[in-house]
Amino acid sequence: MSTFLTHSAPNTSTSMAPTFLLVGLPGLLAVPSWWAIPLITVYLLSALGNGAILWIITLEPTLHRPMYFFLFLLSMSDVGLATALMPTLLGLAFANTHAVSASACLLQMFFVHVFSVMESSVLLTMALDGALAICRPLHYPTLLTSGVISKICVAIAFRRLGLHLPLPFLLAHMLYCRPQVLTHSYCLHPDMARLACPGGGGAVYSLFVVLSAMGLDPLLIFFSYGLIGRVLQGLGPREDRWKAGQTCAAHLSAVLLFYVPMVLLALIDRLRMPIPQPAHTLLSYVHFLLPSLVNPILYSVKMKEIRERVHKRLQPRKVGCAQ
């Protein structure tokens, strides 16, 4: 472990220092360069998979429907989140650079949380879309019109930007009672806020932001799946239940992949569970990087239309010969 972690906390409060110190993956600091290879591989595969989803949905008119539009937004959030994390991760991996300027740290924190909340909002929207399609199939086209979809996009944009825009300014004006050493390889709001002196007014707003997004969204998602499950039980033939359930399988997998590591991280931090630091760090990598890698695979495998359209676009075109 780096020696900067052993510095004692000061007794007096100060304003934000010009730099924060990041912790890499413990045990790999002595050989930083080799773990850049899996990081770059994961990022490139994520960009390739999500880029294929964005490409095929853009080019195929038959996929210009609400379900695929929300999948388009999900792929955008996956690429954005992975891209926001890469600067500090690659700096640690290639150059063992632990120091990051306060302004760059605040900027990374903002984009990481903006894209995280975007992904959470899109997963909630996709769950509600599936619930409407299965529970109200006859009314679905009239309920989810283009005007409604536009309003949903505005709501997602407000949650992304409106709620999180004050956070960097609140953190920048807080007083800090602890050394500015973060416990991750990137800048996260909870990690930065815990270094501030207690009693700051920003803590209440921060809690509101967390509960309004990451706390409320999973509850509404699983409520939607409760409605879907009740409807599926009432379907007669087993084949109908299987076909309807398949449409939700990819989304439910994406939901679990995104929220389970996040809940485990929150429980570990709140309950102060004694787990090794490498396990804690790896779990945070799983939460932020694995969904962007796995989601394109899930949706390509489970959604027949996506798979068929990609296969059709990649097939060489046959040139007809004159008879």
Side-chain angles (χ1 to χ4, degrees), residues 42-84 86 111 114-134 137 140-161 217 221 224-225 228 243-258 288-317:
V42 167
Y43 178 71
L44 291 178
L45 289 176
S46 300
L48 180 64
N50 287 288
I53 297 288
L54 296 172
W55 168 69
I56 200 65
I57 293 176
T58 301
L59 293 183
E60 285 290 337
T62 57
L63 300 181
H64 294 174
R65 287 181 278 162
M67 177 173 60
Y68 297 106
F69 176 71
F70 299 140
L71 178 57
F72 185 93
L73 294 180
L74 183 66
S75 293
M76 286 182 61
S77 65
D78 280 336
V79 173
L81 181 57
T83 302
M86 282 299 114
F111 281 110
V114 159
F115 284 113
S116 293
V117 170
M118 178 180 178
E119 180 149 358
S120 181
S121 301
V122 173
L123 288 172
L124 171 59
T125 305
M126 294 174 79
L128 297 175
D129 173 66
L132 281 175
I134 292 175
Y140 177 79
T142 57
L143 290 173
L144 210 61
T145 62
S146 58
V148 172
I149 293 175
S150 299
K151 292 176 182 177
I152 290 172
C153 292
V154 171
I156 292 175
F158 174 77
R159 291 186 89 197
R160 290 174 59 200
L161 302 175
D217 290 0
I221 288 171
S224 300
Y225 273 100
I228 291 172
K243 184 178 179 181
Q246 281 293 97
T247 61
C248 302
H251 178 258
L252 185 57
S253 300
V255 167
L256 295 175
L257 190 63
F258 182 76
F288 285 113
L289 295 176
L290 197 60
S292 64
L293 176 65
V294 176
N295 282 347
I297 302 172
L298 285 174
Y299 284 100
S300 298
V301 169
K302 293 293 184 181
M303 292 181 133
K304 185 179 178 181
E305 289 190 45
I306 291 283
R307 190 169 63 251
E308 288 179 345
R309 295 300 184 275
V310 171
H311 181 70
K312 180 182 175 182
R313 286 277 176 177
L314 294 179
Q315 272 186 332
R317 295 181 181 273

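Position 1 is the first residue of the sequence; numbering continues from there.
Interatomic distance, L73 CG to C153 SG, rounded to the nearest 0.5 Å: 5.5 Å. Atom-to-atom distance recorded for Y299:OH and I53:CD1 is 9.5 Å, nearest 0.5 angstrom. Distance check: T125 OG1 to I156 CD1 gives 4.0 Å after rounding to the nearest 0.5 Å. Going from atom CD1 of I57 over to atom CE of M67 covers 9.5 Å, rounded to the nearest 0.5 Å. Rounded to the nearest 0.5 angstrom, F258 CZ and N295 CG are separated by 9.5 Å.
The shortest non-hydrogen separation linking L63 to I56 is CD1-O, 3.8 Å. Taking each heavy atom of S292 and N50 in turn, the nearest pair found is O-ND2, 2.9 Å. Taking both residues in full, the closest heavy atoms of P66 and I149 are given as CG-CD1, 3.6 Å, listed atom of the first, atom of the second, then distance. When all heavy atoms of L54 and F72 are compared, the closest pair comes out as CD2-O, 3.3 Å. In plain terms, the two heavy atoms of M126 and F70 that are nearest each other are CG-CB, 3.5 Å. Pairing each heavy atom of L81 with each of E119, the nearest pair is CD2-OE1, 4.3 Å.
Counting only heavy atoms from C-beta outward, the side chains of M86 and L289 approach each other to under 4.5 Å. Looking at heavy atoms from C-beta onward, L252 lies out of side-chain contact with I221 at the 4.5 angstrom threshold. Between L123 and L74 there is a side-chain heavy-atom pair separated by less than 4.5 Å. Between V79 and S75 there is no side-chain heavy-atom pair separated by less than 4.5 Å. Inter-residue side-chain proximity for H251 and D129 is flagged as unmet; no heavy-atom pair is nearer than 4.5 Å. Considering only heavy atoms from C-beta on, V117 stays 4.5 Å or farther from D217 through its side chain. Counting heavy atoms from C-beta on, the side chains of L44 and L48 never come closer than 4.5 Å.
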Steps toward side-chain contact (heavy atoms from CB on, under 4.5 Å) verdict (T83, Y43): CA-CA 8 Å; T83 302; Y43 178 71; 2.8 Å; yes

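With hydrogens and angles ignored, the 3.5 Å screen pairs no side-chain donor or acceptor of H64 with any backbone N or O of L59. Under a 3.5 Å cut-off, the side chain of S46 and the backbone N or O of V42 do form a donor-acceptor pair.
Within a 6.0 Å radius of CZ in F111, no more than 12 heavy atoms belonging to other residues, nucleotides or ligands are found.
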